[in-house]
Number of protein chains: 2
Amino acid sequence: MPVTIRDVARKLNLSVTTVSRALDGYDDVAEETRQRVIAAALEMEYVPNRAARQLRRQRADTIGYVLPAHEPRFADPFFSEFVAGLGDEAGSSNVDLLISTASPNEEEEQLVYQRWVHGHKVDGFVLNHMRLRDWRVIYLDRKEVPFVSLERTLDPVEYACIEVDGFGAVRELVLRLVEMGHRRIAFVCGPPHLVIQADRYAGYRDGLRSAGIMPTLELIAESDLTHQGGYHAAQQLLSISDPPSAILCINDLTAFGVYQAVRERGLQPNRDICIAGFDGLEITRWSHPELITIDQPVYDIARQLVKMLLMSLNESDKPYSRVMIKPKIMMPGCC
Amino acid sequence: MPVTIRDVARKLNLSVTTVSRALDGYDDVAEETRQRVIAAALEMEYVPNRAARQLRRQRADTIGYVLPAHEPRFADPFFSEFVAGLGDEAGSSNVDLLISTASPNEEEEQLVYQRWVHGHKVDGFVLNHMRLRDWRVIYLDRKEVPFVSLERTLDPVEYACIEVDGFGAVRELVLRLVEMGHRRIAFVCGPPHLVIQADRYAGYRDGLRSAGIMPTLELIAESDLTHQGGYHAAQQLLSISDPPSAILCINDLTAFGVYQAVRERGLQPNRDICIAGFDGLEITRWSHPELITIDQPVYDIARQLVKMLLMSLNESDKPYSRVMIKPKIMMPGCC
DNA sequence: TTAATGAGCCAAAACGTTTTGGAGAAATAC
DNA sequence: GTATTTCTCCAAAACGTTTTGGCTCATTAA
């Protein structure tokens, strides 16, 4: 039923080849012919069949992203901003964005990646939520599938990525807090194998050290990047004999969990106790009192990642770029 | 480089046909042969090339969803829950989910839909954010492309959809508020052409009428479903001579904007003035005081929509199902 | 005048599947 | 003993592109 390139060719009394080459901008077709072809294609509403093109060209004009969905009802707005960025940039570059969700464990992830790689569904991947050692990096490198990532793993592989200087930002935030008189500063960790955890936690420790404060284990709580996790971590931190006067969190979501725990104790965030997150989500600006956070431009990072990926798809000989971004500390009120 | 069906066939001294049919479960291949084929395929890590399959079968095993992204930095968590639902259900049904963003205007949307329809990128669509009259419904119906939607338009077309009884829920919430003594109840509208706006607004008016209260124009404010919009709407509502004692909002995001405006006036939400949203987003549960909202199971709705779409893809003769969902009023504290 | 170049076009071969319409052998029916 | 059915398997034709390697005709160079 749909109109094919053959229909266009027939109508113009041209060969399929010529129509194809005219539309693709080859210079071995007369300018006048090209115009006729373009006009006819437009008029007949001809759109090339993607499957056929992909089969022949051996590429999909599609990039893939696997959303790490921990729970059924997952809701970290970080990812909606990230996906929006991917989608917008992909759209304006005329490639498609294929999305799947997988809980962040190796088996479930592998299923998706393998399906897409082997089935040639995508030309490359955008990675996220990196582990210090990440099988995806090894796997994609071995399969020679291009990819880019947010945050860099320790794997001995060359690839393009964007890094956010969590170390520096957290370190500086700690120093600022110390300046304001805080001595008991707690940290709510994420899962230990995550790059962001290692990075931000190191910043925390280095900040304390530079300020001449000994880090103490009772001010460190584990969490899982969720609101729930932050809530439980805060309960633990608040129940010790000499509770912290400030709590730094691995991300904004966790910080909101801390907010809730703090309030349940009858304390007011950022007056009685200082709370900070990391991400700079839009919703932090709606919180009251406004959450202190370290703002990374998630949307722009996502767009930039797509650009980098497309670049390495087109010119595979280019050296891998490594971009470092300095996030911005947002302290709307003070403690 | 990647292993094709031909490689598998060669290795087993079978024809390509037999391998294909063995893997697809046809019964004209001996059980013993089938087992050998499956084993070999597994061992050789054979995955069918999707483009080839799609070209031959004339379908994509992919469904499409176009995210309405109003602004560059879009962040309605409604959509992350929705996308997560789509992704999960698609994944477990072994079809892929293609995503694009487009600001909700006809030209930009058309580009994407046309590209996917004509290019055979997707077998069907999930629609969302419906206008009362929606060109997408007309267009897809005309092109005979299957689709399902959340909310039903007025277009004279038969299609499967899920409806949420916003009318009934808002109506009941109004009645409850009146029971609690509220007489000046405001409503923050969304864009007038949206189905949810017409539906929820009608519920608001009907609730007031049933309670014997005359709706008044000064208690109606326009907005655009964003935080910003809610903020401005609330500023307007709070500056009139006899301001409302309760503000109902078209959605949660808007309600958070109202929160902020209320606080800037030195008032405390849900003590001095009652505020309610609609959606039941997870973040409402972290707000303080917790936002009153009307909870619709966004994640489950999304999954259900995918199921319905796949059903109508496989059995195109089935009658279109129309599901009605009753959302739940969440009033954690009281005013 | 012939040879070489270039401009514009095209036939046919891929790409990797699925499907169609049998074929051959064995089993069953007559 | 032949005819029919059943069970396995397969060759070849699609699906709609892009690409390869020409071919023809006109123009320019020798």
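Throughout, protein chains are lettered first and strands after them, A, B, ... in sequence-line order, and every chain is numbered starting at 1.
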What is the distance, to the nearest angstrom, from the [atom1] atom on [X] to the [atom2] atom on [N]?
| X | N | atom1 | atom2 | result |
| --- | --- | --- | --- | --- |
| B:Leu23 | C:dG16 | CG | P | 17 Å |
| B:Asn13 | D:dC10 | CG | P | 9 Å |
| A:Arg53 | C:dA14 | CZ | C1' | 17 Å |
| A:Leu55 | D:dT18 | CG | C1' | 10 Å |
| B:Glu31 | D:dC9 | CD | P | 11 Å |
| A:Arg50 | D:dT17 | CZ | P | 12 Å |
| A:Arg36 | C:dG8 | CZ | P | 13 Å |
| B:Lys121 | D:dT17 | NZ | C1' | 14 Å |

How is [X] classified with respect to the nucleic acid when contacts are heavy atoms under 4.0 Å: base, sugar-phosphate, or nothing?
| X | result |
| --- | --- |
| B:Asn49 | sugar-phosphate |
| B:Thr4 | sugar-phosphate |
| B:Gln58 | sugar-phosphate |
| B:Arg21 | base |

Mind checking whether [X] and [Y] have side chains closer than 4.5 Å, heavy atoms only?
| X | Y | value |
| --- | --- | --- |
| A:Ser100 | A:Trp116 | yes |
| B:Tyr299 | B:Asp88 | yes |
| B:Leu127 | B:Leu140 | yes |

Does [X] place a side-chain N or O at less than 4.0 Å from the phosphate oxygens OP1/OP2 of [N]?
| X | N | result |
| --- | --- | --- |
| A:Tyr26 | C:dC10 | no |
| A:Ser20 | D:dT18 | yes |
| B:Arg6 | C:dG16 | no |

Of the candidate nucleotides [options], which contains the atom at the shortest distance from the side chain of [X]?
| X | options | result |
| --- | --- | --- |
| A:Ile5 | D:dC15, D:dT18, D:dT20 | D:dT18 |
| B:Thr33 | D:dC9, C:dT17, C:dC9 | D:dC9 |
| A:Asp28 | C:dT20, C:dT18, C:dC9 | C:dC9 |
| B:Thr18 | D:dT19, D:dC10, D:dT17 | D:dC10 |
| B:Val29 | D:dC15, D:dC9, C:dT20 | D:dC9 |

Evaluate the ring-ring contact (aromatic ring centres under 6.0 Å, His included) criterion for residues A:Phe125 and A:Tyr113: first the C-alpha distance (whole Å), next the side-chain angles of each, then the deciding distance (0.1 Å), finally the verdict.
CA-CA 9 Å; A:Phe125 285 89; A:Tyr113 282 94; 4.8 Å; yes
Going through the distances and angles, do B:Glu109 and B:Arg131 end up as a salt bridge (charged side-chain N to carboxylate O under 4.0 Å, His left out)?
CA-CA 13 Å; B:Glu109 276 179 345; B:Arg131 273 81 59 151; 2.9 Å; yes
Starting at the 5' end of DNA chain D and moving along, which residue's nearest nucleotide shows up first, A:Pro48 or B:Ser15?
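Counting from the 5' end, the first nearest nucleotide belongs to B:Ser15.
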Where each residue is assigned the nucleotide of DNA chain D containing its nearest heavy atom, which of B:Thr17 and B:Arg57 is assigned the position nearer the 5′ end?
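The residue whose closest nucleotide sits nearer the 5' end is B:Thr17.
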Donor-acceptor pair (no angle test) under 3.5 Å: A:Arg56 side chain, D:dT18 base
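It does, because a donor-acceptor pair links the side chain of A:Arg56 to the base of D:dT18 below 3.5 Å.
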Taking B:Ile138's backbone N and O only, do any of them form a donor-acceptor pair with B:Asp141's side chain (distance below 3.5 Å, no angle check)?
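Answer holds: no.
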